[in-house]
Amino acid sequence: MHDLKWIRENPDALDAALARRGAAAVSATVLDLDKRHRATTTELQVLQSRRNDVSKQIGGVKAKGGDAAPLMAEVAEIKDKMTALEEEEKLLGEKVKSLLLTIPNILLPVVPDGRDESANVVVRSWGTPREFNFSPKEHADLGAALGLMDFDQAAIMSGARFVVLKGALARLERAIAQLMLDTHTTANGYTEVNPPLLVRDVALTGTGQLPKFGADLFQTTAGLYLIPTAEVSLTNLVAERILDGATLPLRMTAFTPCFRSEAGAAGRDTKGMIRNHQFEKVELVSITAPEESEAELERMTKCAEGILQKLELPYRVMALCAGDVGFGANRTYDLEVWLPGQNTYREISSCSNTGDFQARRMNARYRPSGETKGTRFVHTLNGSGLAVGRTLIAVLENHQQQDGSITVPAALKPYMGGLEIIAPGAKIL
RNA sequence: GGAGGGGUGGCCGAGUGGUUGAAGGCGCACGCCUGGAAAGUGUGUAUACGUCAAAAGCGUAUCGCGGGUUCGAAUCCCGCCCCCUCCGCCA
């Protein structure tokens, strides 16, 4: 959400920023509503002031046993006028607020121009895609051949876009998550959190999924929503709080299931477990002072990259272009992992700085250390560190052998009880 | 799910219709005192919005949230949220 004052002073900057995203200008509409809202507010406040005044006089007159009738008549008249104004004021205020909630964040100047993902820029890459002396298979085929990845049975109980992992693959997924959590909580300084998976609409409004993207979410009959990412739960850990500046930055990580309706993705990535309704992810969230957030984004991205390196998975870092950066972010790096079975790079992590965009929506502030007066909005960042399901895919495809077995990367062996090879033919279920 | 109790400033806590943004205390800041410190003592100590070129000042709102009653609400009424206690159910 944007600062209204800033929009008043920089309407053209807002519209120009929206144009970079390919979005329509809104400043004129905002300013018109805001102007009418403030005019109404001022008018109302004059009446309120007068009413408070006269009411005090009535108290005084009555205390002395005088006749307050004329004064009461005056207040009655004032109140008449106030009723309509109050309604108007409230309505205009709500209109301004709801419009503000639909305006995306302003991109930083470093974000490359471009309309869609084809204009994203490769920042750096790591690792060399392995040379295969056979034709590498896709993860869904590998998993099925191992007998440990079952889409059919998942469909019977849950429908499309679900998967059942069994035996060594179920364990592999857990091992991957453990490696990530252990790395982030020790080497990278993040605090592990186990947050709620069901949240209220205010939490989702705070992080920006609502009000615009409700169609992507699963909502329960009780009105709560399943989180589409732990970013929601973790970032809301600072909602409505005033933090002590000395405690910043806060770094937290959580391993959670994520739920997405994939409403707009019919027909895309229908094979395999690339795009499921339910998947697991280790999320990273940082809360920083404003001047630290850009450096923190670099740091966070490096933390995510570290996991890919440990797993010996080639990847590249993409700077998303203006048209591809998400609603709440001012800048985003995607990590794309090499998938030999699909002969392409696929997104496995997305690290974003939202600046004070989310902080304003959830009223997350801090008091700069040393200062006793005044608060400022914090900056919030989030990144996948990494998407666990997609990491599993990458491990399968990159570490597959000609016979369909999977070599367990060294970093995962301790978490696999020393298992070195996941081989076909295990008797399972 | 049933019954009851409660949500006041950074914290504790008073306040059941009238000049209360809110007593008192703690904490914090600054000063006095002291060789220095403690103790003592004095002063100050919320947020948002509006007005203003800006500051000061002024105005408005805020005692969980929203609505209502009233000339006037932290105080009365209604709805919601949250917390606590007991009962029931339950991993």
Side-chain angles (χ1 to χ4, degrees), chain A residues 1-10 30-101 194-206 210 219-225 233 236-248 256-257 356 359-378:
Chain A
M1 190 163 71
H2 300 292
D3 183 5
L4 245 186
K5 273 193 234 167
W6 181 85
I7 297 179
R8 275 179 217 141
E9 287 156 16
N10 307 280
V30 174
L31 291 185
D32 176 57
L33 280 172
D34 174 48
K35 195 174 163 187
R36 285 159 59 200
H37 177 236
R38 278 187 298 154
T40 311
T41 304
T42 304
E43 200 179 338
L44 182 62
Q45 288 185 351
V46 170
L47 291 175
Q48 282 171 330
S49 175
R50 181 67 193 149
R51 180 203 61 190
N52 292 347
D53 233 38
V54 177
S55 287
K56 280 183 185 176
Q57 288 178 36
I58 290 173
V61 169
K62 282 198 167 178
K64 288 177 189 138
D67 176 16
L71 290 172
M72 288 173 73
E74 184 179 349
V75 174
E77 202 176 305
I78 293 171
K79 284 188 67 177
D80 266 356
K81 290 186 201 161
M82 281 176 63
T83 313
L85 273 179
E86 273 171 353
E87 234 166 274
E88 172 100 5
E89 193 273 340
K90 195 180 151 196
L91 185 71
L92 286 168
E94 279 166 3
K95 278 189 179 173
V96 172
K97 180 87 191 284
S98 57
L99 179 56
L100 244 32
L101 285 174
N194 188 180
L197 308 180
L198 286 162
V199 297
R200 293 201 237 209
D201 57 357
V202 283
L204 290 153
T205 302
L210 291 178
Q219 186 175 15
T220 67
T221 54
L224 293 171
Y225 293 83
S233 311
N236 272 281
L237 244 26
V238 297
E240 303 295 339
R241 284 175 65 185
I242 300 174
L243 303 165
D244 175 359
T247 65
L248 300 178
T256 71
D356 64 7
R360 284 179 188 285
R361 294 167 82 102
M362 63 177 71
N363 199 24
R365 294 166 293 169
Y366 78 103
R367 210 180 292 284
S369 48
E371 290 181 32
T372 52
K373 296 195 77 163
T375 57
R376 301 169 70 192
F377 287 111
V378 296

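First the proteins, then the strands, lettered A, B, ... as listed; each starts at 1. All values reported here derive from a predicted model rather than from experimental measurement.
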### Query
Would you say the side chain of Arg38(A) lies within less than 4.5 Å of the side chain of Arg8(A), judging by non-hydrogen atoms?
yes
Determine the Euclidean distance between corresponding [atom1] atoms of [M] and [N]; express it in Å to zero decimal places.
N      : M      : atom1 : value
C65(B) : G9(B)  : P     : 10 Å
G21(B) : U62(B) : C1'   : 9 Å
A74(B) : G67(B) : P     : 15 Å
G79(B) : C84(B) : P     : 23 Å
A3(B)  : C12(B) : P     : 30 Å
G5(B)  : C76(B) : P     : 14 Å
C81(B) : A23(B) : P     : 33 Å
C49(B) : G7(B)  : P     : 29 Å

### Query
Between atom OG1 of Thr41(A) and atom NZ of Lys90(A), what is the distance when rounded to the nearest 0.5 Å?
13.5 Å
Categorize [X] for me: base, sugar-phosphate, or nothing, with a 4.0 angstrom heavy-atom threshold over every strand shown.
X        : result
Arg8(A)  : sugar-phosphate
Leu71(A) : nothing
Thr41(A) : nothing

Provide, to the nearest angstrom, the distance between the [atom1] atom belonging to [X] and the [atom2] atom belonging to [N].
X        : N      : atom1 : atom2 : result
Met1(A)  : A48(B) : CE    : C1'   : 12 Å
Glu94(A) : C65(B) : CD    : C1'   : 14 Å
Met72(A) : G18(B) : CE    : P     : 16 Å
Lys97(A) : C49(B) : NZ    : P     : 13 Å
Glu9(A)  : A54(B) : CD    : C1'   : 12 Å
Gln48(A) : C58(B) : CD    : C1'   : 15 Å
Asp53(A) : G18(B) : CG    : C1'   : 14 Å
Glu74(A) : U70(B) : CD    : C1'   : 17 Å

### Message
As a quick check of understanding, evaluate side-chain contact (heavy atoms from CB on, under 4.5 Å) for Arg360(A) and His2(A), giving each step before the final call.
### Response
CA-CA 7 Å; Arg360(A) 284 179 188 285; His2(A) 300 292; 5.7 Å; no
#### Entry: Protein proximity profile, nucleotides 72-84 of chain B - base contact B, sugar-phosphate-only contact S, no contact -, cut-off 4.0 Å on heavy atoms
S--------SS--
What closest approach, in Å, do [X] and [Y] show between heavy atoms, and which atom pair accounts for it?
X         : Y         : answer
Ala203(A) : Val199(A) : CB-CB, 4.0 Å
Leu101(A) : Arg361(A) : O-NH1, 3.2 Å
Tyr366(A) : Phe377(A) : CE2-O, 3.7 Å
Ala359(A) : Val378(A) : CB-O, 3.2 Å
Ala364(A) : Val238(A) : CB-O, 3.4 Å

### Query
Taking only side-chain nitrogens and oxygens of Ser49(A), does any of them come within less than 4.0 Å of OP1 or OP2 of U60(B)?
yes
### Query
Is any side-chain N of the basic residue among Arg50(A) and Glu74(A) closer than 4.0 Å to the acidic one's carboxylate O?
yes
### Message
Counting neighbours of CD on Glu87(A) that are heavy atoms of other residues, nucleotides or ligands and sit closer than 6.0 Å, is the number greater than 12?
### Response
no
### Task
Assess whether atom CD of Glu240(A) is packed by more than 12 heavy atoms of other residues, nucleotides or ligands within 6.0 Å.
yes
### Query
On RNA chain B, nearest-nucleotide positions of Lys90(A) versus Ala76(A): which is more 5'?
Lys90(A)
### Query
Mapping Val54(A) and Arg38(A) to their closest nucleotides on RNA chain B, which lands nearer the 5' end?
Arg38(A)
### Query
Lys56(A) side chain: which of U47(B), C71(B), U19(B) is closest?
U19(B)
### Query
Hey, is the side chain of Gln45(A) pairing donor to acceptor with the base of G59(B) inside 3.5 Å?
yes
### Query
List RNA chain B stems (3 or more consecutive Watson-Crick/G-U pairs, under 3.5 Å)?
B:1-7 with B:81-87, B:10-12 with B:24-26, B:27-32 with B:40-45, B:46-51 with B:57-62, B:64-68 with B:76-80
